[in-house]
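Structure, as structure tokens:
Order of the sequence lines fixes the chain letters, A, B, ..., with proteins taken first and strands second; residue numbering starts at 1 for each chain.
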Amino acid sequence: MKERYEFSEIETKWQRRWDDEGLFKTEDAGGDKFYLLEMFPYPSGKLHMGHVRNYSIGDVAARYLRMTGKNVLHPMGWDAFGLPAENAAIKHGIHPDIWTREHIEAMRAQLKTLGISYDWDREVSACDPGFYKWTQWIFVQFFKHGLAYKKKNPVNWCPSCETVLANEQVVEGNCERCGTAVVKKSLEQWYLAITEYAQRLLDDLDGLHWPQNVKTMQQNWIGRSTGADVDFAIEGFGEKLRIFTTRPDTLFGVTYMVLAPEHPFVAPLTEGTEYEGDVAKFLEKLQFMSDIDRTSETLDKTGLFIGRYAINPLNGKRVPIFIADYVLMDYGTGAIMAVPAHDVRDFEFAVKYGLDIVPVIDPGPDSGIDITNLDAAFVADGKMINSGRFDGMDSREGIEAVTAYIEEQGYGVGSINFRLRDWLISRQRYWGTPIPMIYCEACGWVAEKEENLPVVLPTDVVFKGKGESPLTTSATFRNTECPVCGGPGEREIDTMDTFLDSSWYFMRYTDAHNDECFAGADKLKHWMPIDQYIGGVEHAILHLLYARFFTKFLYDKGYSPVDEPFTRLLTQGMVLAETFYRDGEGGRPQWYNFSEVDLSRDEQGRIVSAVLKEDGQPVTIGKVEKMAKSKNNGVDPEELIGKYGADTLRLFVLFASPPEKELEWSEAGLEGSYRFINRVWRIVRWAAEGTDGQQGAQHSALDSDAEKELLYAMNATIKKTTADIGTRYNFNTAISSIMEFVNAMYKVREGGGVRSELMREAAEKLVLLLSPFVPHVCAEMWEALGNVQSPLLEAWPVYDETALVSETEDIAVQVNGKLRGKIVVASGLDAQGLADAAAASDEVRAMTEGLTVVKVIGVPGRLVNIVAK
RNA sequence: GCCGGAGUGGCGGAAUUGGCAGACGCACCGGACUUAAAAUCCGGAGAUUCAUAAAAUCGUACCGGUUCGACCCCGGUCUCCGGUACCA
């Protein structure tokens with residue numbers, strides 16, 4: 001074993017050898033299967049620290065599980081369709097396909113330099129026709145079963161990306177990708193009927209071992225509300241107005257009605273009346289508002305009386321009808337009953353337009369609320385008043401009672417509404433899976449024949465970056481024949497949202513080269529579901545919900561053996577770093593990377609100021625924020641691997657924080673990890689060579705205290721590391737316990753008294769325990785210790801319980817709950833035994849001198865608490 | 001606003017079931033080695049009182065409660081982070 005730890009030599013050596021040996025290949029049978037998956041990346045061409053973290057976490061689990069004898073599937077692939085490739089085509093004239101392939105090559109190479117144990121034979125790529133054939137095939141199944149449809153609707157349109165966005169891709173009124181304000185545009189688009197699955201997507205969250213916050217986010221997104229649909233007659237109008245409410249108990253408090261401006265009744269109700277002009281103006285104003293404008297006016301609701309009245313079926317009351325921007329056409333029925341006394345929005349609107357406020361729920365005398373003179377809506381429970389036959393009823397019960405009553409009277413029905421909308425999947429883009437649909441004058445929209453799939457992306461396309469889908473510029477793509485009647489047909493020129501690719505890719509890994517189907521039934525049965533899925537919390541709603549939806553659909557149609565894809569989910573935290581900035585041109589902050597600044601610290605190590613290395617000018621110390629290009633606070637993993645090695649980088653990322661928490665970047669911390677690996681290297685080298693005379697090994701007695709101590713440390717470490725990796729995924733504490741073990745080994749080297757064979761055994765255990773975290777250096781040390789096969793093929797160490805029991809144990813002694821000292825007692829005493837031992841101790845007697853002992857509480861293995869006066 | 005989550009030394013973080021708060025690491029200080037430095041090995045360290053030691057007191061965002069005993073459970077308050085946003 002070399003004296004120095006030469007990481008770059010070691011890492012290239014082992015990466016090459018693992019590749020040559022095919023060490024990470026997975027067989028489709030045998031053993032206890034475990035499907036471990038990290039979310040596949042978009043091939044941007046460069047790994048960032050978030051990737052490093054995600055894949056390091058996954059690799060520790062994969063290697064550990066493999067050592068415990070599991071048959072582990074751990075694959076990797078590419079979420080390879082998407083806008084950046086197309087933008088590159090527009091800007092630099094590179095074909096997206098070439099751009100993407102180059103970036104995949106670069107990123108795969110980077111992942112290999114990290115030493116992640118992927119079975120590359122199963123690599124998949126969303127832009128590969130062999131893959132998107134099956135994305136199209138699944139789409140066709142959706143169509144065949146009536147769950148894919150085309151519909152004209154006002155949709156979210158990003159004027160900068162020139163594409164339609166799903167609701168999920170609109171973040172606070174802006175385009176998720178470029179931040180441009182989103183506008184509404186009416187277009188004919190393809191949808192998938194995810195709402196058909198709303199209830200099941202909600203119910204089945206219960207059985208998943210997912211972080212609670214992710215479950216809650218999905219619950220809120222699906223947004224189930226129970227209530228009632230109620231029909232209101234409109235004076236002088238033939239049809240009834242149906243509204244949805246979650247508060248039937250407040251029906252007697254309705255003082256006006258509101259229709260969404262787009263509601264189909266608006267035109268017939270106002271046609272030819274004096275209100276028609278104003279309504280038209282109102283609608284026009286809304287049309288030109290982007291979503292952001294509309295929501296920024298949240299506090300100022302605007303509406304318009306349309307000159308008509310509705311009749312409350314319960315009390316016959318005549319109430320005015322409004323249109324207003326705060327009622328949405330695509331939720332419920334697009335119309336509401338307004339109860340200003342008990343709804344925050346209705347209250348605000350009523351105050352603004354001087355409408356009646358009639359209380360029907362009494363908060364009770366203790367509430368301090370004057371119900372006859374409300375200054376805000378009262379939305380909590382109470383007793384029903386002004387509600388005829390329901391007076392005096394608790395409002396909770398009232399919901400059911402009123403619903404039952406309106407059903408009985410034929411005024412309406414109980415109903416359930418979901419916030420979830422159908423998934424808009426059309427994109428006016430080139431670099432995505434073509435939607436395999438053909439329009440025929442005679443047959444309408446028909447699916448391409450399955451045997452003709454994939455519908456391949458044409459290459460004769462012009463990327464202008466403006467106007468409609470680039471596919472329209474292809475001379476060959478659009479015109480085809482109708483698969484049903486053989487007449488002329490026109491292909492759909494939009495492509496699919498890339499979230500469709502990621503909604504099923506995990507199934508493809510089980511059988512990545514199958515030409516007959518998206519994955520063989522036997523392979524799916526063997527591997528699915530994914531036992532552990534790991535990725536960023538930013539996918540909590542979109543990706544994870546869509547993937548569940550796809551899996552349920554495929555399950556229902558008999559193509560998937562499971563109806564939930566991800567049994568366990570770990571959402572890793574973000575990687576954060578300090579930010580430094582100063583005012584640049586135009587008052588915009590100019591951000592600096594911390595390698596560009598010099599920091600000065602106070603005596604306690606706090607950063608007090610920072611100056612730019614370049615010119616010595618001071619910069620402002622910003623907040624700790626997510627690593628981002630725009631903040632110039634990112635670090636390049638490739639550079640760090642060159643400087644410290646992949647093992648050091650992996651170790652730091654795993655040690656600095658538990659996986660699900662945020663991780664604060666620290667180069668000093670990274671150096672600490674590097675030092676630790678070196679420290680391990682030296683002690684293992686010492687143990688391997690056994691030549692350092694200091695230990696006096698040959699002369700020591702068997703079972704000396706030093707040996708017992710070392711054995712205790714070794715077994716305790718195995719126990720703790722196993723629990724931390726295997727059951728808790730707490731890699732940071734696993735590493736710290738291994739560090740303690742290393743410290744114990746150094747103590748032995750210093751103090752002697754341990755036979756060299758035992759020292760060697762300790763070193764071997766250490767290398768195995770550490771190998772999932774830092775695989776390269778461990779492979780090297782393992783070989784130096786005289787072993788032939790890779791640590792990955794060795795069995796995970798098992799601890800010896802007997803080494804963990806000692807004859808005596810330290811027991812803390814408390815008096816009235818305060819720590820006063822310690823006593824040494826025989827191991828395994830029960831509560832009474834501990835109390836007796838304490839009573840027998842002179843030391844304890846001294847503590848309680850002058851006091852009367854009232855009670856003694858013993859906690860086996862831990863402490864004795866003496867309650868005394 | 002609503003829904004989640006979190007607040008522990010100078011810093012990242014431990015404390016797994018209500019039982020010795022601060023493991024492990026970073027930064028810092030000291031010692032050994034060295035001509036010297038780096039590296040390495042060993043050691044120190046929550047705060048306050050005290051010249052030091054011994055010792056005591058305080059201490060897990062804040063206020064209160066339950067308990068022999070609370071970072072942990074309960075009630076209230078504050079702050080930060082994340083999600084969501086007119087969903088009737």
Dump the pairs, protein N or O against N or O of nucleotides 41-45 of chain B, anything under 3.5 Å, distances to one decimal.
residue, atom, partner, partner atom, Å
B:C41, OP1, A:Arg679, NH1, 3.0
B:C41, OP1, A:Arg682, NH2, 3.2
B:C41, OP1, A:Tyr746, OH, 3.4
B:C42, OP2, A:Arg679, NH1, 3.4

Margin query: Syn or anti for B:G9, given that syn means the glycosidic angle lies within 90° of 0?
Written below: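 Classified syn.
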
Please give the distance between the [atom1] atoms of [N] and [M] as a whole number of Å.
| N | M | atom1 | result |
| --- | --- | --- | --- |
| B:C62 | B:C24 | P | 26 Å |
| B:A37 | B:A32 | P | 11 Å |
| B:G18 | B:C86 | C1' | 45 Å |
| B:C78 | B:C29 | P | 42 Å |
| B:C80 | B:G30 | P | 39 Å |
| B:A27 | B:C11 | C1' | 7 Å |
| B:C63 | B:A14 | C1' | 28 Å |

Margin query: More than 12 heavy atoms of other residues, nucleotides or ligands under 6.0 Å from OH of A:Tyr712: yes or no?
Written below: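 Count not over threshold, so no.
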
Using the test salt bridge (charged side-chain N to carboxylate O under 4.0 Å, His left out), find all partners of [X] that sit at least two apart in sequence or belong to another chain.
| X | value |
| --- | --- |
| A:Asp343 | A:Arg345 |
| A:Glu740 | none |
| A:Glu664 | none |
| A:Lys626 | none |

Checklist line | Basic-acidic side-chain contact under 4.0 Å: A:Asp810, A:Lys822 | finding: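 A salt bridge is absent here (no side-chain N lies under 4.0 Å from a carboxylate O).
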
Quick check for you: among [options], whose closest atom lies nearest to any side-chain atom of [X]?
| X | options | value |
| --- | --- | --- |
| A:Ala812 | B:C20, B:A88, B:C86 | B:C20 |
| A:Asn730 | B:A15, B:C68, B:G25 | B:A15 |
| A:Val867 | B:U84, B:C68, B:C20 | B:C68 |
| A:Asn213 | B:G4, B:C86, B:G12 | B:G4 |
| A:Trp221 | B:A21, B:A88, B:A85 | B:A85 |

Checklist line | Summary of ring pair (Phe, Tyr, Trp, His ring centres under 6.0 Å) pairs that have at least one residue in residues 850-869 of chain A, sequence neighbours excluded | finding: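 Applying ring pair (Phe, Tyr, Trp, His ring centres under 6.0 Å) to every pair that reaches into residues 850-869 of chain A, excluding sequence neighbours, yields nothing.
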
Notebook entry, point to check: Got a sec, which residues hit ring pair (Phe, Tyr, Trp, His ring centres under 6.0 Å) with A:Tyr331, two or more places apart in sequence or on another chain?
Noted result: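 Ring pair (Phe, Tyr, Trp, His ring centres under 6.0 Å) check on A:Tyr331 returns nothing, list empty.
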
Margin query: Can you list everything that forms a ring pair (Phe, Tyr, Trp, His ring centres under 6.0 Å) with A:Trp210? Sequence neighbours excluded, please.
Written below: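 Here no residue qualifies.
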
Next item on the list: Please collect all salt bridge (charged side-chain N to carboxylate O under 4.0 Å, His left out) contacts where either partner lies in residues 675-685 of chain A, sequence neighbours excluded, each pair once.
Entry: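 Sorted result for residues 675-685 of chain A: A:Arg685-A:Glu689.
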
Next item on the list: Under the side chain to side chain contact (heavy atoms under 4.5 Å, CB included) rule, collect the residues that match up with A:Ala812, sequence neighbours excluded.
Entry: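 Partners of A:Ala812 by the side chain to side chain contact (heavy atoms under 4.5 Å, CB included) criterion, ordered by chain and then number, come out as A:Leu819, A:Leu863.
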
With 3.5 Å as the limit, what N/O pairs link the protein to nucleotides 69-77 of chain B?
none

Checklist line | Modelled atom types, side-chain donor and acceptor of A:Asp346 and A:Tyr326, under 3.5 Å | finding: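 Yes.
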
Next item on the list: Tell me yes or no: between the side chains of A:Thr302 and A:Asp325, is some donor less than 3.5 Å from an acceptor?
Entry: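 Their side chains do contain a donor-acceptor pair, which is all the 3.5 Å distance test asks for.
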
Side-chain N,O ([X]) to OP1/OP2 ([N]) below 4.0 Å:
| X | N | value |
| --- | --- | --- |
| A:Lys661 | B:G82 | no |
| A:Arg675 | B:A27 | yes |
| A:Asn732 | B:A14 | yes |

Notebook entry, point to check: Want to settle it: does A:Met329 or A:Val859 sit nearer the 5' end of RNA chain B, counting the closest nucleotide to each?
Noted result: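 Whichever sits nearer the 5' end wins; that is A:Val859.
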
Item checked: Nearest-nucleotide 5' precedence on RNA chain B, A:Ser673 against A:Lys720 ->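 Checking each residue's closest nucleotide, the 5'-ward one belongs to A:Lys720.
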
Note to self: Counting the atoms with a prime plus P, OP1 and OP2 as sugar-phosphate, which does A:Asn417 contact under 4.0 Å by heavy atoms, base, sugar-phosphate, or nothing?
What the structure shows: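 Counting heavy atoms under 4.0 Å across all strands, no contact is made by A:Asn417.
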
Check: If you write RNA chain B from 5' to 3' in dot-bracket form, with Watson-Crick or G-U pairs under 3.5 Å, [ ] for crossing pairs and | for pairs with another strand, what do you get?
Finding: (((((((..(((......[....))).(((((.......))))).((((.....))))..(((((..]....))))))))))))....

Checklist line | Quiz item: A:Lys855 side-chain donor-acceptor pair to B:C68 base, under 3.5 Å | finding: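 Absent.
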
